[in-house]
Number of protein chains: 2
Amino acid sequence: MGLNPTMNDVAREANVALKTVSRFVNGETNINPILAARIADAISTLGYRRNLAAASIRPGWTSKTLGLVIGDLANPYYSVLTRAIESYARSRGYLVISASSDENGVQHDLLVDRLLEQRIDGLIVVPPTEAGRDWSTIPPPIPPLVLLDRPLDVPAADVVIADNTGGAREGVAELVRNGCRRVAWISDSPSIYTVRERYAGYRQALEESGIPFDESLVTTTAHTSEDAAAAVANAMRSSGADAIFAGNNRASVGALLAFRDNGRLPLIGFDDFEAAQLSTPAVSVVSPDIPEMGRLSAELVLDRVAGSTRPPVTHMLPTKLTLRGSERV
Amino acid sequence: MGLNPTMNDVAREANVALKTVSRFVNGETNINPILAARIADAISTLGYRRNLAAASIRPGWTSKTLGLVIGDLANPYYSVLTRAIESYARSRGYLVISASSDENGVQHDLLVDRLLEQRIDGLIVVPPTEAGRDWSTIPPPIPPLVLLDRPLDVPAADVVIADNTGGAREGVAELVRNGCRRVAWISDSPSIYTVRERYAGYRQALEESGIPFDESLVTTTAHTSEDAAAAVANAMRSSGADAIFAGNNRASVGALLAFRDNGRLPLIGFDDFEAAQLSTPAVSVVSPDIPEMGRLSAELVLDRVAGSTRPPVTHMLPTKLTLRGSERV
DNA sequence: TTGTATGCGTTATCAT
DNA sequence: ATGATAACGCATACAA
């Protein structure tokens, strides 16, 4: 291994002053070509690499690093989000340290603290399902912060969310437009923000169509695809459902599983998933623009890192209804 | 925002020496309880957070950070890998900076350089499809390095790969055991390491079964699912194939697409994918243990970070054949 | 244009 | 047990 050569080593090797090497490394122009050449030589013979960690502790300098706390990187939703953030950040010279909270508030808080200690320049966070500590108890200064996917009451933070209510409303309305009158709702628990929002859209669509609400068509206990499959089967057999709206992709998968044994019903799901296009007929979905949500978050946080003092904003991004066939029979 | 309080600020506030605060923060025990309490108070009133970047430049101290360069985080294969690495790393106190190369050698090299400058303690790398610069041209010292998924001739590096050849061989043999004699091979280009290895397994299985090799059954130009679908359709119509072995999950998806219009053939694919379990019949696959590959990589690199000088090893992890029904009719 | 001296926030040495 | 001082690798006033 050996030790890492420092700027001082380069200076000695090239027979110039430390400061001249610093200038060279930082790409300043006012520098004697002769010395520059000597320095370049010294750098390559020594294999010098600058130590960004050391540079970052100087006043006015930063780590050129962003922190990101999500639920679970193995979940395609989060990995696509993370990739979008990474891409935009890198286009502006930033690296991303991402960490998974497993939706656990304690773990989430630990990660936030660690990232703060690592002196990331900005922070993007998807608040965990099991709420963590109140942000107001974290002593300032806190670097630029973006709340992603789920809003929270943090005065200084920008917020980027999807129009969950509008999306669900549009999806349900499409089913109704196709003649369905008894649309079943299948989802996870309403204690989850996105579920609440989407469910509100379901209710809105029914109301706007003058369709009476029937509680027996609603399931909000489907935590897994298997749960959802059972709920869908039940809605078909016992509740006289004539269509299914799936509140997330696990619920959609559950519906497909249920359809194997029980025939099929018109179906629209929230959130896209890989299998949606392969099933027959392909599954129609309303889905947020995940890459754009990621990109925008990174842009907002980096603008603030760069000095923007614009008042905090909440961006609610529209969803998109993709009709693939499953919305009718 | 305001500035970040430093250890010095805490010392002044608590009326103790800088070093005492350092001791307190680093959890040393030999410290007067009275002073400790004063320090704790000062820390919380000032909202002091330790600056790990500053700490890391001290000799013998490190960034407690791992670098990871993969192909594309939005690809489930890589995101599951990354998640496994992240989990293990965090269990040992490390954060992970991951970056996507898009399989582009130039971008890959840029990222490696940047991570080296950021002074990550260890590096895990999936060498890009389009080869980057030779590692031997990177001047030492290079931190502990693990080559993941694809081997490369780097003397000091540990290597973690899957048994691609053995896996493909097992999958093809299963099709043969079910009576198939004309197994078509559908894959991406053999310029890709994993493709080459898997294809070798295909050839081995044929040879061991005494089945003559027929070039007309082989397609190695399927870069997308659509390409693969066309190739599968062609194999069914023109080449008299009686089974399909898909060299990766895009090829598997292509086969499913082709089956829509052309009936179906026994199918086994390499690499698992979400839709595999939803299709009817569910798709059988041979797949590497991705989480274990990630975990092992992180373990190897962190053991070296912790001082292990064990000679470099190559771990070839076994694959698993999951039979779900598609292997017969 | 080049160099000297100082400081960033932290830990380590060595005295007290 | 505690503290003054130096050092880590780097950048920046300020001098030369």
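Below, chain A is the first sequence line, B the second, and so on; all start at residue 1.
Arg83(B) and Ser87(B) share a donor-acceptor pair across their side chains, judged by distance under 3.5 Å alone. If you check the side chains of Asp134(A) and Ser136(A), you find a donor sitting under 3.5 Å from an acceptor. Residues Arg50(A) and Asn26(A) have side chains that bring a donor and an acceptor to within less than 3.5 angstrom of each other. Ser100(A) and Glu86(B) are linked by a side-chain donor-acceptor pair at a separation below 3.5 angstrom, with hydrogens and angles left out of the test.
Using a 4.0 Å heavy-atom distance criterion, Val25(A) is classed as making no nucleic acid contact. Using a 4.0 Å heavy-atom distance criterion, Arg50(B) is classed as a sugar-phosphate-only contact. Looking at heavy-atom distances under 4.0 Å, Tyr48(A) makes contact with sugar-phosphate atoms alone, never a base. Note on Ile31(B): only backbone sugar-phosphate atoms sit closer than 4.0 angstrom, heavy atoms only; bases stay farther off.
As rounded to whole Å, 15 Å separates atom C1' of dT16(C) from atom NZ of Lys19(B). If you measure from atom CD1 of Ile57(B) to atom C1' of dA12(C), you get 13 Å, rounded to the nearest angstrom. Nucleotide dT12(D) holds its P atom 13 Å from the CG atom of Asn30(A), rounded to whole Å. Summarising the geometry, the separation between CD1 on Ile39(B) and C1' on dT2(D) is reported as 10 Å, rounded to the nearest angstrom. In this structure, Leu52(B) places its CG atom 12 Å from C1' of dT11(C), rounding to the nearest Å. Between Lys64(A) atom NZ and dC10(D) atom P there is a gap of 18 Å when expressed in whole angstrom units. Between the CG atom of Leu18(B) and the C1' atom of dT2(D) there is a distance of 12 Å, rounded to whole Å. One can place CE of Met7(B) at 17 Å from C1' of dG7(C), the figure rounded to the nearest angstrom.
Taking only side-chain atoms of Ala55(B), from C-beta outward, the nucleotide of dG9(D), dG3(C), dT11(C) with the closest atom is dT11(C). The side chain of Trp61(B) lies closest to dA12(C), out of dC10(D), dG9(D), dA12(C). When each of dT2(C), dC8(D), dA11(D) is scored by its nearest atom to the side-chain atoms of Asn32(A), the top-ranked nucleotide is dT2(C).
Residue Ser22(B) places at least one side-chain N or O closer than 4.0 Å to OP1 or OP2 of dT11(C). The phosphate of dT10(C) has neither OP1 nor OP2 within less than 4.0 Å of any side-chain N or O from Asn8(B).
In terms of position on DNA chain D, the residue among Asn26(A) and Leu35(B) whose nearest nucleotide sits closer to the 5' end is Leu35(B). Both Arg119(A) and Ala17(A) lie near DNA chain C, and the one whose nearest nucleotide falls closer to the 5' end is Ala17(A).
Of the residues listed (Val25(A), Ile39(A), Asp9(A)), the one engaging Tyr48(A) in a side-chain contact (heavy atoms from CB on, under 4.5 Å) is Val25(A), and it is the only one.
One cannot find a donor-acceptor pair under 3.5 Å joining the base of dG9(D) and the side-chain atoms of Arg58(B).
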